Amino acid sequence: DVCSSDLDGVHNNADSSTNQGYSNQVAQPSPDALAEFKVVTNNFSAEYGRSGGAVINAVMRSGTNQFHGSAYEFLRNTDLNAIGFTFSPTVFQKPALHRNQYGVTVGGPMIKNKLFFFADWEGYRQNQQYLPPFDSLPSANDRAGLLPVAVTNPYTGITYQPNSPALAGAMTAFAKSVLSQLPPTNVGAAGARSNNFTQLLPINEKYDKYDAKLDYQINDKMTAFLRFSQRKDVQFYGPDIQIGRASCRERV
């Protein structure tokens with residue numbers, strides 16, 4: 001690993017070659033659930049010797065003899081963003097961005113001076129638009145079967161001359177159906193056949209995560225704790241060319 005992460009003194013990395021696109025941390029505590037963190041960049045002690053880069057060591061909060069809690073929300077909204085220049089289908093159009101990250105924490109005693117609890121929950125909801133690379137779609141003439149070059153049917157051997165209307169009659173029902181469902185081109189000169197389509201596409205992400213921790217004071221020099229963490233993440237990325245209900249979903 002270039003950089004390693006520990007949580008409560010325990011290895012907290014998803015060491016997997018299939019972990020592409022996601023954070024390397026197995027458990028991702030909420031900001032208000034952290035008591036402290038430390039970044040070690042050199043002269044590692046023995047327990048941190050597995051990383052060639054920095055080691056980030058975080059510690060979760062624990063309950064105390066008094067009840068404490070907090071609530072928070074981080075907000076971003078399209079209406080609060082500057083317009084700026086964007087390479088969008090409509091110049092100076094603001095791509096939508098609505099983000100809410102909110103949560104609560106609570107901690108306190110179960111047995112005074114002996115057993116303590118701490119728990120937190122965080123929700124995240126984000127809806128935004130992004131501009132994908134330009135796509136190349138058949139032009140209106142292409143969809144009508146009016147091609148600028150001669151075309152030979154490999155099965156029948158019939159050759160259709162450039163811009164021959166007979167080619168449209170030779171197209172199968174399936175080909176006509178597919179071409180009719182493609183969106184019209186919206187970039188470049190009329191009849192352009194490359195980089196002629198783009199649009200703002202949706203990205204939706206939501207996750208819910210929580211942690212629960214018990215701390216037990218065995219004596220003045222020894223403690224023990226038990227922690228449980230869980231995170232559910234659902235992501236949706238709109239396809240470049242949206243036909244019907246086509247979509248791609250990723251779940252963690």
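Just so you know, these numbers use all the heavy atoms, side chains as well, and skip hydrogens, waters and symmetry mates. Treat the numbers as computed from the prediction; the structure is a model and nothing was measured.
- The aromatic rings of Y210 and F228 sit tilted, their planes meeting at an angle between 30° and 60°.
- Residues F197 and P183 have side chains in contact (heavy-atom distance under 4.5 Å, counting atoms from C-beta outward).
- For Y207 and E205, the side-chain atoms include no donor-acceptor pair closer than 3.5 Å.
- The number of heavy atoms from other shown groups lying within 6.0 Å of CZ (F37) does not exceed 12.
- A 4.5 Å side-chain heavy-atom check between N196 and F134 finds every atom pair outside the cut-off.
- No donor-acceptor pair under 3.5 Å is formed between the side chain of T105 and the backbone N or O of G69.
- If you chain together hydrophobic residues whose side chains sit under 4.5 Å apart, F236 and Y124 never meet in one group.
- Other cluster members for L214: F67, V106, M110, I111, L115, F117, Y216, I218, M222, joined by side-chain heavy-atom distances under 4.5 Å among Ile, Leu, Val, Met, Phe, Trp and Tyr.
- Inter-residue side-chain proximity for D240 and L201 is flagged as met; some heavy-atom pair is nearer than 4.5 Å.
- At distances below 3.5 Å, not a single donor-acceptor pair connects side-chain atoms of N127 with backbone N or O atoms of H98.
- The salt bridge (Lys or Arg N to Asp or Glu O under 4.0 Å) check on R193 picks up D142, with sequence neighbours excluded.
- Nearest heavy atom pair, residue Y160 against residue A170, reads OH-CB, 3.3 Å.
- Put simply, the side chain of R143 gets close to the backbone of P138: a donor and an acceptor are under 3.5 Å apart.
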field: Intermediate values then yes/no, salt bridge (Lys or Arg N to Asp or Glu O under 4.0 Å), D215 and R227
entry: CA-CA 9 Å; D215 288 89; R227 175 175 54 83; over 6 Å; no
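- Put simply, the side chain of Q199 does not reach to within 4.5 Å of the side chain of V187, judged on heavy atoms.
- With no hydrogens or angles considered, a side-chain donor-acceptor pair links S70 and D32 at under 3.5 Å.
- Looking at N12 and D6, their side chains never come closer than 4.5 Å, going by heavy atoms from C-beta outward.
- With rounding to the nearest 0.5 Å, the separation of CG in D120 from CE in M60 is 5.0 Å.
- With hydrogens and angles left out, the side-chain atoms of S229 and R231 include no donor and acceptor closer than 3.5 Å.
- At most 12 heavy atoms of other shown residues, nucleotides or ligands fall within 6.0 angstrom of atom CG in D220.
- When all heavy atoms of A150 and T159 are compared, the closest pair comes out as CB-CG2, 4.3 Å.
- No donor-acceptor distance shorter than 3.5 angstrom exists from the side chain of D8 to the backbone of V10, with no hydrogens or angles considered.
- No donor-acceptor pair closer than 3.5 Å links the side chain of T64 to the backbone N or O of G108.
- Between K213 and D211 there is no salt bridge, since no side-chain N of the basic residue sits under 4.0 Å from a carboxylate O of the acidic one.
- Residues V40 and L7 do not share a hydrophobic cluster, defined by chaining ILVMFWY side chains whose heavy atoms lie under 4.5 Å apart.
- Judged as a side-chain hydrogen bond (donor to acceptor under 3.5 Å, both in side chains), the pairs with a partner in residues 164-179 (not counting sequence neighbours) are, in order, S177-Q181.
- For the side-chain hydrogen bond (donor to acceptor under 3.5 Å, both in side chains) test with Q101, the passing option among E73, E122, Q126, R76 is E122; the others fail.
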